[in-house]
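Here is the structure we will look at.
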Amino acid sequence: MDPLRIRRLRRPELPADTLTLARYLIGKILVRENPASIANRRIAGRIVETEAYVIGDPSGHAFHGLTPANRSLFLRRGHAYVYFIYGSCYCMNVSSEGPGIGAGVLLRALEPFQGVAAMKRRRGTSRLRDLARGPGRLAAALGIDRRYDGLDLCARGPLWIGITSQPAGAIGESVRIGLSREKERVLRFYERGNPFVSGPQRLRA
DNA sequence: AGTGCGATTGACT
DNA sequence: GTCAATCGCACTA
């Protein structure tokens, strides 16, 4: 199989619980397609870092119940939840349970895979390592904003998740980054040794 | 209607 | 390593 060929994942292939999905997504490909443009039609990156926000998690955006802003977290697994934070950044989750159960997997970093020139343009930098290292940069590199909230990532469309013949490397784990609650739980996963991972490659910072 | 906070980034030392 | 910017959303009244 051509290692560059990307096949879209079908929903039944996604693990049905948040923790397993967070591990499973490492090494998969996040694809952004722009049907409006012939040039730079596709931007894609290998997912190299994720965090699980599990059922009943006090750090999860679903913790206080369903609201208009977080409703995508309650969709059946495999939908995008995009939120805006710190006045300048968008972050993207993959809903992981449901329907009706609020939980998700935060995508924290991508290794550029396709459309590097377009990513550099969107990010305003030429530093390959910084294109999608961090959840806000990831969204910026692919042009993801609230318009993509609620999108089915297992369907044809501008944003979906795929798989190649290249398997993920060894998976490292750690506590999650930047939280004030539930600091101790080991719910962050990353591809070991990958330079596109955003945070420390050890259990605790 | 007003207040406080946050799953971050980029600039700077 | 430190730190300020910035604004949508939830909460209080």
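In this text the structure is predicted, and so the values were computed from the model without any measurement.
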Here the distance between atom P of B/dA7 and atom CZ of A/Phe63, to the nearest Å, is 13 Å
Would you mind pulling out the nucleotide paired to C/dC7, Watson-Crick or G-U wobble, both distances under 3.5 Å?
-> B/dG6
Whole angstrom value for the distance that separates C1' of B/dT8 from CD1 of A/Ile144 = 16 Å
May I ask you to decide whether A/Arg7 forms a salt bridge with A/Glu13, counting only side-chain N to carboxylate O separations under 4.0 Å?
-> yes
Can you name the closest pair of heavy atoms from A/Arg46 and A/Gly27 and give their distance?
-> NH2-CA, 3.6 Å
For A/Arg127 and B/dT9, what is the distance between atoms CZ and P respectively, to the nearest whole Å?
-> 14 Å
Quickly, which of A/Asp17, A/Thr18, A/Thr20 forms a side chain to side chain donor-acceptor pair (under 3.5 Å) with A/Ser96? Name it, please.
-> A/Thr18
Are A/Met92 and A/Tyr53 linked, directly or through other ILVMFWY residues, by side chains that come within less than 4.5 angstrom of each other?
-> no
Check every strand shown and say whether A/His61 touches a base, only sugar-phosphate, or nothing at a heavy-atom separation below 4.0 Å.
-> base
First encountered from the 5' end of DNA chain C, between A/Tyr86 and A/Arg146 = A/Tyr86
Find the distance A/Asp130:CG to B/dA11:C1' and express it as a whole number of Å.
-> 13 Å
From CG of A/Asn70 across to P of B/dG6 the rounded distance in Å is 16 Å
Of A/Arg121, A/Arg123, A/Arg122, which is the lone residue that meets side-chain contact (heavy atoms from CB on, under 4.5 Å) with A/Thr125?
-> A/Arg123
Assign A/Ser59 to base, sugar-phosphate, or nothing according to its heavy-atom contacts below 4.0 angstrom with the strands shown.
-> base
Please answer: with hydrophobic residues joined when any side-chain heavy atoms are less than 4.5 Å apart, are A/Ile43 and A/Tyr90 in the same cluster?
-> yes
Answer yes or no: does a side-chain N or O of A/Arg137 lie under 4.0 Å from OP1 or OP2 of B/dG10?
-> yes
NZ/NE/NH1/NH2 to OD/OE distance under 4.0 Å, A/Glu33 and A/Arg156 = no
Taken to the nearest whole Å, CG/A/Leu179 to C1'/B/dA7 is 6 Å
Please state how far atom CG in A/Leu138 lies from atom C1' in B/dA7, giving the value in whole angstrom units.
-> 13 Å
Atom pair distance, as rounded to whole Å: CZ in A/Arg108 and P in B/dT8 | 5 Å
Using a 4.0 Å heavy-atom cut-off across all strands, classify A/Arg123 as base, sugar-phosphate, or nothing.
-> sugar-phosphate
Contact span of DNA chain C against chain A, any nucleotide atom under 4.0 Å from a heavy atom, 5' to 3', runs C/dT6 to C/dC11
